[in-house]
Amino acid sequence: MTHGQADTRPSEARHRLLSTATRVFYAEGIHSVGVDRIIAEAKVTRATFYRHFPSKEDLILAYLREVHQMERRTVDAAIATNPSPVDTLLAIAGSVAQGVQSPGFRGCAFLNAAAEYPDTDHPVRQEIIAHRQWFLDTLTTLLAQVHEETADPAARHFAMLRDGAMAAGCLFDPALVAETFLRGIEGLLRINAERQSTESTP
């Protein structure tokens, strides 16, 4: 490993650092939490921190990649267990609704990070954009199996409903927000399925 390069090999110390960062960055914000706080709560030395993460930015990027992988695993599981694209999309929506109602919910980790990093050229912002593009691409692919011609706007509609639920879930009754979100997704999918059915009818 050369100077300034992170040690990404699995280790208990790296796991503790990343777990601590994931918890406190999400709960309290990224800029408000310093490296000293992460080191103290993870119970590692400063040297150990910098061996795994040469800078706080490296840790932030690792945090966002960790959240991305968690969300990706949820989506992949929905795809693997639901043969129908509509059922898959409903399962993805269900996981969003469940998240909104979970203890300690504080919105979307990526939207929260985007608010703290407005510069579109910043590496953190680029990581956020990459995640968002993956999510949109995944939705578009699934919705193309429901109604190909409207897959792109329908995917953006789904994402906007999801973003609205993430924001509203922090401000209003989470159960009501989740229910409203699910009804919105069901309506979106029903409209697109009906379009496909109408167009395929001789």
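The shown structure was predicted, so the numbers you read here are calculated from the model rather than taken from an experiment.
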Participant: Would you say Leu176 and Leu171 are hydrophobically clustered, going by side-chain heavy atoms of ILVMFWY under 4.5 Å?
Facilitator: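 Hydrophobic grouping puts Leu176 apart from Leu171.
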
Participant: Where do Leu17 and Phe49 come nearest, in terms of heavy atoms and distance?
Facilitator: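 Looking at all heavy atoms of both residues, the closest pair is CD2-CD1, 3.6 Å.
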
Participant: When rounded to the nearest 0.5 angstrom, what is the spacing between CG in Leu142 and OG1 in Thr88?
Facilitator: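 Leu142 atom CG to Thr88 atom OG1 measures 6.0 Å (nearest 0.5 Å).
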
Participant: Quickly, which of Ile38, Leu59, Leu61 forms a side chain to side chain contact (heavy atoms under 4.5 Å, CB included) with Phe53? Name it, please.
Facilitator: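 Per the side chain to side chain contact (heavy atoms under 4.5 Å, CB included) rule, the option paired with Phe53 is Leu59, out of Ile38, Leu59, Leu61.
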
Participant: List the steps and the verdict of side-chain contact (heavy atoms from CB on, under 4.5 Å) for Arg132 and Asp163.
Facilitator: CA-CA 11 Å; Arg132 297 285 295 182; Asp163 291 346; 2.7 Å; yes

Participant: Kindly compute the distance separating CG (Asp76) from CD (Glu71), expressed to the nearest 0.5 Å.
Facilitator: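 Result: 12.0 Å between the selected atoms.
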
Participant: Just wondering, are more than 12 heavy atoms of other shown residues or ligands nearer than 6.0 Å to CD in Gln98?
Facilitator: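 No - once you tally the heavy atoms of other residues, nucleotides and ligands closer than 6.0 Å, there are 12 at most.
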
Participant: Between Thr140 and Asp137, is any side-chain donor less than 3.5 angstrom from a side-chain acceptor?
Facilitator: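 No pair is found: no donor N or O on one side chain lies under 3.5 Å from an acceptor on the other.
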
Participant: Out of curiosity, Ile191 CD1 to His147 NE2, how far, rounded to the nearest 0.5 Å?
Facilitator: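 Interatomic distance, Ile191 CD1 to His147 NE2, rounded to 0.5 Å: 12.0 Å.
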
Participant: Given 3.5 Å as the limit, does a donor-acceptor pair link the side chain of Lys56 with the main chain of Ile30, or not?
Facilitator: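 Answer holds: yes.
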
Participant: Find out if a path of hydrophobic residues (ILVMFWY) with successive side-chain heavy-atom gaps under 4.5 Å connects Leu111 to Phe172.
Facilitator: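 Leu111 does not cluster with Phe172.
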
Participant: Any ion pair linking Arg190 and Glu186 (charged N to carboxylate O, less than 4.0 Å)?
Facilitator: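 Between Arg190 and Glu186 there is no salt bridge, as every charged N stays at least 4.0 Å from the carboxylate O atoms.
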
Participant: After noting the C-alpha distance and the side-chain angles of Ile129 and Gln126, does the key distance pass the side-chain contact (heavy atoms from CB on, under 4.5 Å) rule?
Facilitator: CA-CA 5 Å; Ile129 291 169; Gln126 291 297 311; 4.1 Å; yes

Participant: In this structure, would Leu136 and Ile185 fall into the same cluster of hydrophobic residues linked by side-chain contacts under 4.5 Å?
Facilitator: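 Different hydrophobic clusters.
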
Participant: Determine which pairs satisfy ring-ring contact (aromatic ring centres under 6.0 Å, His included) with at least one residue from residues 87-115, sequence neighbours left out, and list them in order.
Facilitator: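 Pairs touching residues 87-115 that pass the test: Phe110-His131.
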
Participant: Tell me, which pairs form a side-chain hydrogen bond (donor to acceptor under 3.5 Å, both in side chains) where one or both residues lie in residues 102-121, sequence neighbours left out?
Facilitator: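 Qualifying pairs, neighbours excluded: none.
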
Participant: For Asp36, enumerate each residue passing the salt bridge (Lys or Arg N to Asp or Glu O under 4.0 Å) test, keeping only those at least two apart in sequence or located in another chain.
Facilitator: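 With sequence neighbours excluded, Asp36 shows a salt bridge (Lys or Arg N to Asp or Glu O under 4.0 Å) to Arg46, given in chain and number order.
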
Participant: Of the non-hydrogen atoms in Val177 and Ala165, which two are nearest, and what is the gap between them?
Facilitator: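 Looking at all heavy atoms of both residues, the closest pair is CG1-O, 3.5 Å.
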
Participant: What are the two closest heavy atoms between Phe135 and Phe158, and how far apart are they?
Facilitator: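 For Phe135 versus Phe158, the nearest heavy atoms are CZ-CE2, 4.2 Å.
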
Participant: Are Met70 and Phe25 grouped together when hydrophobic residues (ILVMFWY) are joined by side-chain heavy atoms under 4.5 angstrom apart?
Facilitator: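 As far as the 4.5 Å side-chain criterion goes, Phe25 and Met70 are connected within one cluster.
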
Participant: Any side-chain to backbone donor/acceptor pair from Gln101 onto Ala97? Under 3.5 Å, distance only.
Facilitator: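 Yes; at least one donor-acceptor contact below 3.5 Å.
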
Participant: Do Val146 and Leu89 have side chains that get closer than 4.5 Å, going by heavy atoms?
Facilitator: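 SC-SC contact between Val146 and Leu89 confirmed.
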
Participant: Taking Leu189's backbone N and O only, do any of them form a donor-acceptor pair with Asn192's side chain (distance below 3.5 Å, no angle check)?
Facilitator: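 Between the backbone of Leu189 and the side chain of Asn192 there is no qualifying donor-acceptor contact (under 3.5 Å).
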
Participant: Are Ile79 and Trp134 connected in a single hydrophobic cluster, I mean Ile/Leu/Val/Met/Phe/Trp/Tyr linked by side-chain heavy atoms less than 4.5 Å apart?
Facilitator: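 Trp134 and Ile79: one cluster.
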
Participant: Taking NZ, NE, NH1 and NH2 as the nitrogens, is one of them in Arg23 or Glu41 under 4.0 Å from a carboxylate oxygen of the other?
Facilitator: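 Salt bridge between Arg23 and Glu41, a charged N being under 4.0 Å from a carboxylate O: yes.
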
Participant: Rounded to the nearest 0.5 Å, what's the gap from CZ on Arg65 to CD1 on Ile60? Could you check?
Facilitator: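 One finds 11.5 Å between CZ of Arg65 and CD1 of Ile60.
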
Participant: Which atom names give the shortest non-hydrogen contact between Ala77 and Thr81, and what distance separates them?
Facilitator: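 That closest heavy-atom pairing would be O-OG1, 2.7 Å.
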
Participant: Is there a side-chain contact (heavy atoms from CB on, under 4.5 Å) between Arg14 and Leu18 once you walk through the steps?
Facilitator: CA-CA 6 Å; Arg14 187 179 192 279; Leu18 188 53; 4.1 Å; yes

Participant: How far apart are the closest heavy atoms of Ala91 and Ala78, and which atoms are they?
Facilitator: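 Looking at all heavy atoms of both residues, the closest pair is CB-CB, 3.8 Å.
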
Participant: For Arg162 and Met166, what are the C-alpha separation, side-chain angles and deciding distance, and is it a side-chain contact (heavy atoms from CB on, under 4.5 Å)?
Facilitator: CA-CA 6 Å; Arg162 179 255 185 207; Met166 286 287 182; 3.5 Å; yes

Participant: When rounded to the nearest 0.5 angstrom, what distance separates CD in Gln145 from OG in Ser84?
Facilitator: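 The distance works out to 8.5 Å.
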
Participant: Compare all side-chain heavy atoms of His68 with those of Glu127 and state whether any distance is below 4.5 angstrom.
Facilitator: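 No, every pair of side-chain atoms sits at 4.5 Å or beyond.
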
Participant: So which heavy atom on Phe181 is nearest to which on Ala93, and how close?
Facilitator: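 Heavy atoms only, the tightest pair is CE2-O, 3.3 Å.
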
